[in-house]
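Read the numbers this way: they start at 1 and go in the same order the structure lists the ligands and their atoms. These figures come from a predicted structure and were not determined experimentally.
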Amino acid sequence: MNIAIVYDSRTGTTAQAAAAMGKLLEEQGHQCHVLSVAEADPEEVSQADFICIGSWTKGLYFILQHATRASKRFIRQLGDLTGKQTAVFCTFKIATGKMLPRMAKALEAKGAKVVGQFQFRGSAPDSAFLSFAKSIDQPVSTAHGG
Ligand SMILES: Cc1cc2nc3c(=O)[nH]c(=O)nc-3n(C[C@H](O)[C@H](O)[C@H](O)COP(=O)(O)O)c2cc1C
């Protein structure tokens, strides 16, 4: 599958997590484009077979956690995602509250199907993500003409 991974990162942790996620998915035979919210074109991303959107966790550590403004704006800018498979992720230090379900809800409002929600304490994707990467079982098709 053609997978777009779009992230917002302030100090590099979420960028590293996104790159590591892309590497794991590529090892499973998928094609990944890993881009920051500033670089990514919402129209192009909307065309991917699978979309992952990630943010660092912003809040008061124990309460009021939310995705960053730029990542929420990026989700709003995406086109119609009816039936599209998506996942959300974040990096955090203490707790993420309702941040991931809220990101999922924003994608669902575009018609997307959210099939994964992942949180990493630091930049390394965990075993849950690895299992998920292995469970997406439609590698990039070797193009047939026409
Ligand atoms: C202003 C600010 C608010 C934060 N709020 C939270 C929070 O509510 N919960 C939490 O677990 N981590 C919080 N963090 C920690 C970051 O989410 C975490 O270090 C993240 O991995 C940073 O990602 P980045 O390196 O991609 O910017 C906060 C960090 C900052 C700078």
Quiz prompt | Pair T91-T13, side-chain hydrogen bond (donor to acceptor under 3.5 Å, both in side chains): steps then yes or no | solution = CA-CA 7 Å; T91 66; T13 315; 5.2 Å; no

Exercise. Determine the minimum heavy-atom distance between C52 and I3, stating which atoms define it.
Key: SG-CG2, 4.5 Å

Quiz item: Which pairs, with at least one residue in residues 87-109 and sequence neighbours excluded, count as a ring pair (Phe, Tyr, Trp, His ring centres under 6.0 Å)?
Solution: none

Quiz item: Should Q28 and K134 count as side-chain neighbours, where that means a heavy-atom distance under 4.5 Å?
Solution: yes

Quiz item: Applying a heavy-atom distance cut-off of 4.0 Å, which protein residues contact ligand 1?
Solution: S9, R10, T11, G12, T13, T14, W56, T57, K58, G59, L60, Y61, Q65, T91, F92, K93, I94, A95

Less than 3.5 Å apart, which donor and acceptor atoms pair up between the side chains of residues 76-84 and the rest of the protein, not counting sequence neighbours?
residue	atom	partner	partner atom	Å
D80	OD1	T82	N	3.1
D80	OD1	T82	OG1	2.5
D80	OD2	T82	OG1	3.2
K84	NZ	S46	O	2.8
K84	NZ	A48	O	2.7

Exercise. Quick one: which residue pairs count as a ring pair (Phe, Tyr, Trp, His ring centres under 6.0 Å) with a foot in residues 100-122, not counting sequence neighbours?
Key: F118-F129, F118-F132

